[in-house]
Novice: 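Below is a structure I'd like to ask you about.
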There are 2 protein chains.
Amino acid sequence: MNAVTIKDVAHAAGVSPATASRVLSGNPATSPEARERVEAAAKNLNFLPNAQARSLRSTKTDTIALLISDVRNPYFSDLAHAVEQHARAAGLMTFIGNANEDAAQQDDFLATMLSRRVDGMIVVPQGLGEQAGNASDMLRRVVDSKIPMVFVDRTLSDVSIPHVTAESHAALGQAVATLKAHGHRRIAFIGGPEHASTALERHQAFDAALEANGLSTNPDLHFAGDFRPASGADGARWFLANEHRPTAVVIADAPMAIGALRVWREAGARIGTDFSVVSFDEVDALLMHEPPIATISHDLEAMGRAAVQALRSVMNKEAVAPVELNSSFTLRASVGAAPEKGNHMEGTARS
Amino acid sequence: MNAVTIKDVAHAAGVSPATASRVLSGNPATSPEARERVEAAAKNLNFLPNAQARSLRSTKTDTIALLISDVRNPYFSDLAHAVEQHARAAGLMTFIGNANEDAAQQDDFLATMLSRRVDGMIVVPQGLGEQAGNASDMLRRVVDSKIPMVFVDRTLSDVSIPHVTAESHAALGQAVATLKAHGHRRIAFIGGPEHASTALERHQAFDAALEANGLSTNPDLHFAGDFRPASGADGARWFLANEHRPTAVVIADAPMAIGALRVWREAGARIGTDFSVVSFDEVDALLMHEPPIATISHDLEAMGRAAVQALRSVMNKEAVAPVELNSSFTLRASVGAAPEKGNHMEGTARS
DNA sequence: TTGTACGCGTTATCAT
DNA sequence: ATGATAACGCGTACAA
């Protein structure tokens, strides 16, 4: 195909391959004359260096890998976009990999990236279903390989890697305080899978917010989903069937919220009237809902930027401290007053 | 980092590098004994072949590139997901590139992929703003390089490359017929940028649908957007300001529809009552809207599958015919009866 | 079946 | 500043 090599360029320019190489890779030890002739020849022949050979020799690829768990989740595609833009600004190409919520695909991608000798990796680590929060063998192998790596969004408990995450306490505190101000006392939580550190953090932050607002936590009001729409739908049905139905619910990610809202719509529930809803992730689908859903959101632009910056520090062998970004709560019409009377036989608020 | 090479494996197994290579690449000319020892050594040392070196030698990478125009558009992330899954099934790794609606980024990605010697490329071609529907110099260079390539979703007029696209006539025919059955006669169209072949195709299909239903086309009822939310918002304002307001509007993609619906919501318009809306792309945000928006959609799973299959054919030097997928229309509550009386001073339907 | 030797395209080294 | 040479890690003719 593109059989034009640096030798051809050198020949056309009347210099040695070494000189051509120096010119083309910006080595200052070149004469202006050689520079001019080589560049002309290269442009003339449409020379495109073979990245394989180049990095085989130089042991760098100017490429990083980004492993996310689901391209189709707007949360992660926003993150991917931010990482890509900032990496690009730093002269780094980004390979986006999609674990597809599947440990096997995660491992595949990791192996491929390792064999391609990327200069670094930004990873949203998948916990394994079985071993909660622990690294897979492949991930451990990547860690052992000492390739520069940072975790983003999530962390893993059994491995020490710099990470960029987001806290939820601030926003959940505001959310719960707001709900309480509207008269809500029984607030349910539809959470994520235990193997994701974000699921754990959000759950804990929720409980902390309840206590900070003088409400008692209640395991019965917690539904364990898996961050995906179907489990949100299950959670919605669980919520409706609750024998002493809460007056509000907080949902730990947008895909679950979307699944839940579908169910509630079909059931004829009036969000913001019959009960109130707050969800994580500020995505179009939640804002389009009528009424628009109050959200807890993280700055994914900032997260992507911080992740790239952290990775570059690691690549430069600089020390890097963990980064924890803030969360923000935006009140919208899906939060209304708690119903005066219970929707079921039971009374209203509880002690 | 991972300094373990095939030599190390060979040494540990007590064979020559050549034998180790043969074993590891499945060459049948190996003794069971050698096979066993080499495989044991490889596993033991955590050997991972250097992809750079391997493909430098073998001139294949088992990798394809997918260039889309916007990761954050669900339409394209669905497509990316489908391509990735089918490529994976065929033993191909996919590099997803994000042109970010920017010709420079498209060219960057193309150059990088070319220099990495991917085995093939699936491209959603970006037209340049200036030269409508024409290939950029870089894209032309890629074409000249003879690297296996197929276009997906869009095509380019000045270059001959196999493509997988989707037609809109069937669904738009149904959509317009449905609108007409509901009494609509003046139907607006918010279209995409001319340099995208899909924008052109959808516009033409819309006009054809009008004529097929005995309605006359009217350039005044066409608004030229750019497939992005802000232009959809502009289109929505244009629609409201129309001196003889149409009773229905068809929008050519979801991002524009979302932008438009925001404006209409703020303006207090009642979709499905004041006027009816049909949009391309069946995405969560449109389904979550109240009322849910009637959609014209394409099967992106099928599109991704067809694209991968077409590319594999090209890679095998087989002939490949262009593929055109069907569209489907789903009626939802955003389509209602045309208002009996004009919302403005003018009367109702027109001749 | 196995080993030796060479080359893929590039850059680092060491001379000059 | 430039050129000759070796080497990156791997696969494959060729010879044995």
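Side chains are part of it too, since the values below use all heavy atoms of this structure and drop only hydrogens, waters and symmetry mates. In what follows, chains are A, B, ... by sequence order, proteins preceding strands, each numbered from 1.
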Novice: Please report, rounded to the nearest Å, how far the P atom of C:dT10 is from the NZ atom of A:Lys7.
Specialist: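 That distance rounds to 9 Å.
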Novice: Of all the nucleotides listed (D:dT2, D:dG3, C:dC8), which has the minimum atom distance to the side chain of B:Arg57?
Specialist: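 Of all the options, the side chain of B:Arg57 is nearest to C:dC8.
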Novice: Touch check for A:Pro49, heavy atoms < 4.0 angstrom, all strands: base, sugar-phosphate only, or nothing?
Specialist: sugar-phosphate
Novice: With a cut-off of less than 4.0 Å, is there a side-chain N or O of A:Thr19 near OP1 or OP2 of D:dG3?
Specialist: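 Yes, A:Thr19 has a side-chain N/O under 4.0 Å of OP1/OP2 on D:dG3.
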Novice: Cut-off 3.5 Å, side chains only: do B:Ser55 and A:Gln52 have a donor facing an acceptor?
Specialist: yes
Novice: Look at B:Arg305 together with B:Glu301 and state whether they make a salt bridge at an N to O cut-off of under 4.0 Å.
Specialist: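 Yes, this pair counts.
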Novice: Classify the side-chain pair A:Arg35/A:Thr30 by whether it contains a donor and acceptor separated by less than 3.5 Å.
Specialist: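 Judged by distance alone, the side chains do pair up.
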Novice: From the options C:dT2, C:dT10, D:dA1, select the nucleotide whose nearest atom is closest to the side chain of A:Ile6.
Specialist: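 So the side chain of A:Ile6 is nearest to C:dT10.
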Novice: When you check the phosphate oxygens OP1 and OP2 of D:dT2, does a side-chain N or O of A:Ser31 lie under 4.0 Å from one of them?
Specialist: yes
Novice: Expressed in angstrom and rounded to an integer, what is the separation of B:Arg35 atom CZ from C:dT1 atom P?
Specialist: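 After rounding, the gap between these two atoms is 8 Å.
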Novice: Check the distance between C:dT11's P and B:Gln52's CD and give it to me in whole angstrom.
Specialist: 13 Å
Novice: Provide, to the nearest angstrom, the distance between the CG atom belonging to B:Asn50 and the P atom belonging to C:dT10.
Specialist: 16 Å
Novice: Is a donor from one side chain sitting under 3.5 angstrom from an acceptor on the other, for B:Asp153 and B:His163?
Specialist: no
Novice: Could you state the atom-to-atom distance from CG of A:Asp62 to P of C:dT10 in whole Å?
Specialist: 16 Å
Novice: Is there a donor-acceptor contact under 3.5 Å linking the side chains of B:Arg116 and B:Thr63?
Specialist: no
Novice: Using a cut-off of strictly less than 4.0 Å, decide whether A:Arg54 has a side-chain nitrogen or oxygen near OP1 or OP2 of C:dT11.
Specialist: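 It does, given that an N or O in the side chain of A:Arg54 lies less than 4.0 Å from OP1 or OP2 of C:dT11.
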Novice: Calculate the interatomic distance between B:Phe47 atom CZ and D:dG9 atom P; express it in whole Å.
Specialist: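 Rounding to the nearest Å, CZ of B:Phe47 and P of D:dG9 are 10 Å apart.
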Novice: Considering every strand and a 4.0 Å limit on heavy-atom distances, what is the contact class for A:Leu56: base, sugar-phosphate, or nothing?
Specialist: base
Novice: Pick base, sugar-phosphate or nothing for B:Ser21, based on heavy-atom distances below 4.0 Å to the nucleic acid.
Specialist: base
Novice: State whether the distance check finds a donor on one side and an acceptor on the other, under 3.5 Å, for side chain A:Arg22 versus base D:dG3.
Specialist: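 Looking at the base of D:dG3, it does pair with a donor or acceptor on the side chain of A:Arg22 (distance under 3.5 Å).
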Novice: Both B:Pro28 and B:Ala53 contact DNA chain C. Taking the nearest nucleotide for each, which residue is further toward the 5' end?
Specialist: B:Pro28
Novice: When you measure from the side-chain N and O atoms of A:Thr5 to the phosphate of C:dG9, is any distance below 4.0 Å, counting only OP1 and OP2?
Specialist: no
